[in-house]
Enquirer: 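One structure follows; several queries about it will come next.
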Amino acid sequence: MTKSSAKNIFIGGTVVFTVILLILTYNSLSSPTLQKRTHPENITEQVRWGKKVWEKHACIDCHSLLGEGAYYAPELGNVIKRRGEDVVRTILQTAAVQGWGTIRRMPQFDLSEKDIDGLVEFFRWMGEIDTNNWPPNIEG
Amino acid sequence: MQYQSQRVAYPYFIAALLLFAGQVLFGMIIGAQYIWPDFLFPAVPFNIARMIHINLLLVWIIFGFMGAAYYLVPEEVEGEVYSTKLALVHFWLFLAGGVIAVVGYLFRIHDGREFLEQPDSVKVAIVIVVLLFLFNILMTMLKGRKRTSISIVLFGGFVGLAVFYLFAFFKPANMVVDKFFWWWVVHMWVEGVWELIMAAFLSFLLIKLTGIDREVAEKWLYIIIGFTMFTGLIGTGHHYYWIGTPAFWQTWGAYFSAFEVAPFVAMVAFAFKMVAKKSREPENRAAVLWTVGTAVVSFLGAGIWGFMHTLPQINYYTHGTQITASHGHLAFFGAYAMIVLAMASYAVPKMRNMQPGTQKAEMLSFWIMVISMMFIALSLTGAGIVQVYLQRVLAMPYMEAQGYIKLFYGLRLFFGGTFSIGLLVYLYHFFTPSKSGTAF
Ligand code: HEM
Ligand code: HEM
Ligand SMILES: [Fe+2]
């Protein structure tokens, strides 16, 4: 192979695989697919607010969410199913006033009622996403 | 050094190394918090220290890339840097942006997505810095006498770095869509356009160090980056198995990402073959060590450790565990930290107008850091295996399972300590050049 044929293969291949990637991307994010897998109609104002609170405190740099993020604290994509809404609420309330946790602790975030409602709704919506059956069990 | 303006790369390498030291310091802090959770808590909680650890990583690597490019491009295209003043302006802008961001993190001023925690204002500053840099490099290339494949591929890699960073501004309310495009920054960088940058540096180093024929080296370069693009673009699918995206990604992602090892195999073959065929004895042996080393360790970290968990049948169990952290460390260090250190090793003595000298300390630091990082990765692999078994197979609660992994976290911290010693040896050697090298 010469240098210029290697170069042409590189360019041609990159174009072809970019096009395939864009087609797959379109298929993944077209409305019917998103509708079916993520229920965007359930993204209420509260869910939006919950996502904002989630980002404001960088929860992702301790926890994972659908397996992405940090590995220092439990997975939270399915936390409502694991702990139930009431327990999650209690955890977030105690975290708001004194920090929360056994050995590894979660900082105190001064969460308001609105923040906590938002986070709970956000977790509830996350829990309904079709993740192809991940995680393997409820412990995340 | 053939062109006076290449020296503008010097402050870039210095900034990169100092920020590298900061990165490792914060790595040690979070490594310690895994064992003593109350360490520095709540003043510097884990999430804040972690975002500093990984943001300093990105910033120092990009400093290294830019410095290396300012050294490389003039020599490749045969012409001075278009504007050294501009290069210094965006150097300080970038450094200020980076330092302000990190100090801001300590005061809880940050965004909320991993690796992209920079507030929007800092993100905009980064875009401006990269645009100034791209402009300066492009003008240097246009005004130069030659246009080599290495310089063009390098430039293409940087354009890709800038373009994919733009997805960092896209924050849709639907978390699934958010995650989808988050990977267009993170995956497209490390398994796409950054590999172009790495392969260009590798080709440059091998030509300079071994005296091999440019035509041959540049053919290899196109083959390597061809493999990168053919596998890495659709290989993004290995992140779309379980985040709410369609199941067809399990097929596409698996087949394509399984072959993502190919560019790393090619880089190893390239490096060994060229060094074996060398037409002269290299005078800078440390640079050869780093160059061959980066090919080998990136093959291990990205190629082997990446392959280990890239098939959906395995990733189903390992996704988001210490296995991921293990791979992330060895891959980032082997590929991007080491290629920057290889370029520094080659370019810095030249910018100082010095013979490389004995380089004993530098080569010692190479071995300490590489072996320590191997053991950090192995400790985390051990941690990951136990975690997967207890938590994913036996369904033990997360915090309970963590209790059984302490030993491995202790080992990780221990080897983090030896890594830090290696880094100190490196820095000592770097900042006291008169002790080992001699001036021309
Ligand atoms: C030498 C001492 C080091 C220690 C003790 C250390 C420790 C850590 C810890 C505790 C985490 C957080 C993992 C988690 O979320 O649970 C982390 C993340 C990370 N570190 Fe380090 N680190 C060190 C050096 C490095 C170096 C040299 C690099 C790269 C060149 C690096 C790259 C990373 C990356 C990429 C992540 C994010 C990993 C992921 O999200 O999977 N670290 N490190
Ligand atoms: C130099 C190149 C590479 C670097 C720097 C790198 C770095 C990383 C990092 C930092 C993560 C964690 C991201 C997060 O925080 O969630 C990650 C995840 C991952 N990487 Fe790589 N990687 C590289 C190459 C590869 C290759 C070649 C493969 C496959 C063959 C691969 C497979 C994976 C997989 C499957 C994950 C997801 C892990 C999970 O499910 O939790 N990587 N990589
Ligand atoms: Fe990836």
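All figures in this text were calculated on a predicted structure; none of them were measured in a lab. Convention: sequence-line order gives letters A, B, ...; per-chain numbering from 1.
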Enquirer: Side chain, backbone, both or neither: which part of B:Trp36 has an atom under 4.5 Å from a heavy atom of chain A?
Expert: neither

Enquirer: Check whether any side-chain heavy atom of B:His319 lies under 4.5 Å from a side-chain heavy atom of A:Glu68, and answer yes or no.
Expert: yes

Enquirer: Consider only side-chain N and O atoms of B:Ser149 and A:Lys3, and report whether a donor and an acceptor are under 3.5 Å apart.
Expert: yes

Enquirer: Can you confirm whether A:Arg104 sits close enough to B:Phe41 that some side-chain heavy atom of one is under 4.5 Å from a side-chain heavy atom of the other?
Expert: no

Enquirer: With a 4.5 angstrom heavy-atom cut-off, is it the side chain or the backbone of A:Ile23 that approaches chain B, or both, or neither?
Expert: neither

Enquirer: Using a 4.5 angstrom heavy-atom cutoff, name the option from B:Met51, B:Lys171, B:Glu114, B:Gln387 with the most pairs to chain A.
Expert: B:Glu114

Enquirer: Is A:His57 in contact with chain B via its backbone, its side chain, both, or neither, using a 4.5 Å heavy-atom distance?
Expert: backbone

Enquirer: In terms of heavy-atom pairs under 4.5 Å, which option from A:Thr2, A:Ile138, A:Val47 contacts chain B the most?
Expert: A:Thr2

Enquirer: With a 4.5 angstrom heavy-atom cut-off, which part of A:Ile129 approaches chain B: side chain, backbone, both or neither?
Expert: side chain

Enquirer: Flag this pair as yes if the NZ/CZ of A:Arg37 is under 6.0 angstrom from the six-membered ring centre of B:Phe248 and inside a 45 degree cone about the axis; otherwise no.
Expert: no

Enquirer: Drop me the distance from B:Glu215's CD to A:Ser4's OG, to the nearest 0.5 angstrom.
Expert: 9.0 Å

Enquirer: Do B:Lys179 and A:Leu65 have side chains that get closer than 4.5 Å, going by heavy atoms?
Expert: yes

Enquirer: Looking at every heavy atom in both A:Glu139 and B:Ala395, which two are closest together, and how far apart are they?
Expert: CG-O, 3.3 Å

Enquirer: So what's closer than 4.5 Å to chain A heavy atoms on B:Thr321: side chain, backbone, both or neither?
Expert: backbone

Enquirer: Go through it in stages, so that I can follow the logic: the residues are A:Thr18 and B:Leu233, the test is side chain to side chain contact (heavy atoms under 4.5 Å, CB included), and I'd like the CA-CA distance, side-chain angles, deciding distance and then a yes or no.
Expert: CA-CA 7 Å; A:Thr18 304; B:Leu233 285 169; 3.6 Å; yes

Enquirer: Counting only non-hydrogen atoms closer than 4.5 Å, does B:Met399 touch chain A with its backbone (N, CA, C, O), its side chain (CB onward), both, or neither?
Expert: side chain

Enquirer: If only atom types and distance count, is the side chain of A:Asp130 paired as donor or acceptor with the main-chain N or O of B:Gly244 below 3.5 Å?
Expert: no

Enquirer: Considering only heavy atoms from C-beta outward, does the side chain of A:Leu21 approach that of B:Phe256 to under 4.5 Å?
Expert: no

Enquirer: Rounded to the nearest 0.5 Å, how far does CZ of B:Phe180 lie from OG1 of A:Thr25?
Expert: 4.0 Å

Enquirer: Is the shortest side-chain heavy-atom distance between B:Ile223 and A:Met1 below 4.5 Å?
Expert: yes

Enquirer: Using every non-hydrogen atom in the two residues, find where B:Val176 and A:Trp125 come nearest and quote the distance to one decimal.
Expert: N-CH2, 4.3 Å

Enquirer: Please report the interatomic distance CG(A:Asp61) to CG(B:Asn55), rounded to the nearest 0.5 Å.
Expert: 8.0 Å

Enquirer: Which one wins on heavy-atom pair count under 4.5 Å against chain A: B:Phe115, B:Tyr240, B:Trp249, B:Tyr317?
Expert: B:Trp249

Enquirer: Using a cut-off of under 4.5 Å for heavy-atom pairs, which of B:Ala325, B:Ala247, B:Pro45, B:Gly403 has the most such pairs with chain A?
Expert: B:Ala247

Enquirer: Under a 4.5 Å heavy-atom cutoff, which of A:Gly101, A:Gly77, A:Ala73, A:Gly12 has the most pairs with chain B?
Expert: A:Ala73

Enquirer: Going from OH on B:Tyr241 to OG1 on A:Thr131, what distance comes out if it is rounded to the nearest 0.5 angstrom?
Expert: 15.0 Å

Enquirer: In terms of heavy-atom proximity below 4.5 Å to chain B, should A:Asn132 be classed as side chain, backbone, both, or neither?
Expert: both

Enquirer: Could you look at A:Ile9 and say if it's the side chain, the backbone, both or neither that has a heavy atom under 4.5 Å from chain B?
Expert: both

Enquirer: With no hydrogens and no angle check, is any side-chain donor or acceptor of A:Trp134 less than 3.5 Å from a backbone partner on B:Ile243?
Expert: no

Enquirer: Please flag which part of B:Asn174 lies under 4.5 Å from any non-hydrogen atom of chain A: side chain, backbone, both or neither.
Expert: both

Enquirer: Given heavy-atom pairs under 4.5 angstrom as the criterion, report whether the side chain, backbone, both or neither of B:Phe39 touches chain A.
Expert: neither

Enquirer: Does the A:Asn137 side chain pair with the main chain of B:Gln391, one donor and one acceptor, at a distance under 3.5 Å?
Expert: yes

Enquirer: Where is the tightest heavy-atom contact between A:Gly140 and B:Arg392, given as atom of each residue plus distance?
Expert: O-NE, 3.2 Å

Enquirer: Tell me, for B:Ile54 versus chain A, whether the close heavy atoms (under 4.5 Å) come from the side chain, the backbone, both or neither.
Expert: side chain

Enquirer: Give a yes or no on whether B:Phe167 atom CZ has more than 12 heavy-atom contacts from other residues, nucleotides or ligands under 6.0 Å away.
Expert: yes

Enquirer: I'd like to verify something: which residue of B:Phe227, B:Trp182, B:Tyr316, B:Trp252 has the highest number of heavy-atom pairs under 4.5 Å with chain A?
Expert: B:Tyr316

Enquirer: Is A:Thr38 close to chain B through its backbone or its side chain, or both, or neither, when contacts mean heavy atoms under 4.5 Å?
Expert: side chain

Enquirer: Would B:Asp178 and A:Glu55 satisfy side chain to side chain contact (heavy atoms under 4.5 Å, CB included), going step by step from the backbone distance to the final call?
Expert: CA-CA 12 Å; B:Asp178 182 323; A:Glu55 287 169 2; 3.8 Å; yes

Enquirer: Do you know which of B:Gly226, B:Gly320, B:Pro246 has the most heavy-atom pairs with chain A at a distance under 4.5 angstrom?
Expert: B:Pro246

Enquirer: Looking at A:Glu45, I'd like to know if its CD atom is crowded, meaning that more than 12 non-hydrogen atoms belonging to other residues, nucleotides or ligands lie closer than 6.0 Å.
Expert: no

Enquirer: Tell me, do B:Leu380 and A:Tyr71 make a side-chain contact under 4.5 Å, heavy atoms counted?
Expert: no

Enquirer: Which bit of A:Ser28 is near chain B, if near means a heavy-atom gap under 4.5 Å: side chain, backbone, both or neither?
Expert: both

Enquirer: Step through the shown structure and confirm whether more than 12 heavy atoms of other residues, nucleotides or ligands are within 6.0 Å of NZ on B:Lys123.
Expert: yes

Enquirer: So which part of A:Leu29 gets closer than 4.5 Å to some heavy atom of chain B, the side chain, the backbone, both or neither?
Expert: side chain

Enquirer: Decide yes or no for A:Tyr72 and B:Pro37: does some side-chain heavy atom of the first lie under 4.5 Å from some side-chain heavy atom of the second?
Expert: yes

Enquirer: Looking only at heavy atoms, what is the nearest atom pair of A:Ala58 and B:His110, with distance?
Expert: CB-CE1, 3.5 Å

Enquirer: Let me see the working for B:Met229 and A:Phe10 under side chain to side chain contact (heavy atoms under 4.5 Å, CB included), right down to the final yes or no.
Expert: CA-CA 8 Å; B:Met229 288 317 200; A:Phe10 161 70; 3.7 Å; yes

Enquirer: Are A:Ser5 and B:Tyr222 side-chain neighbours, meaning at least one heavy-atom pair lies under 4.5 Å?
Expert: no

Enquirer: Heavy-atom distances under 4.5 Å only: say whether A:Asn133 touches chain B with side chain, backbone, both or neither.
Expert: both

Enquirer: For B:Trp220, is it the side chain, the backbone, both, or neither that has a heavy atom closer than 4.5 Å to a heavy atom of chain A?
Expert: neither

Enquirer: At their closest point, which heavy atom of B:Met175 faces which heavy atom of A:Phe122, and how far apart are they?
Expert: CE-CZ, 3.8 Å

Enquirer: Considering residues, nucleotides and ligands other than B:Phe169, do more than 12 of their heavy atoms fall under 6.0 Å from its CZ?
Expert: yes

Enquirer: Kindly give the heavy-atom pair with the smallest separation between B:Pro172 and A:Lys51, and that separation in Å.
Expert: O-NZ, 2.9 Å

Enquirer: Taking every non-hydrogen pair under 4.5 Å, which of A:Met126, A:Met106, A:Arg105, A:Gln108 racks up the most with chain B?
Expert: A:Arg105

Enquirer: Mind ranking A:Ile103, A:Ile60, A:Thr33, A:Leu24 by heavy-atom pairs under 4.5 Å with chain B and telling me who comes out on top?
Expert: A:Leu24

Enquirer: For B:Arg108, is it the side chain, the backbone, both or neither that has a heavy atom under 4.5 Å from a heavy atom of chain A?
Expert: neither

Enquirer: Does any backbone or side-chain atom of B:Tyr409 lie under 4.5 Å from a heavy atom of chain A? Answer side chain, backbone, both or neither.
Expert: side chain

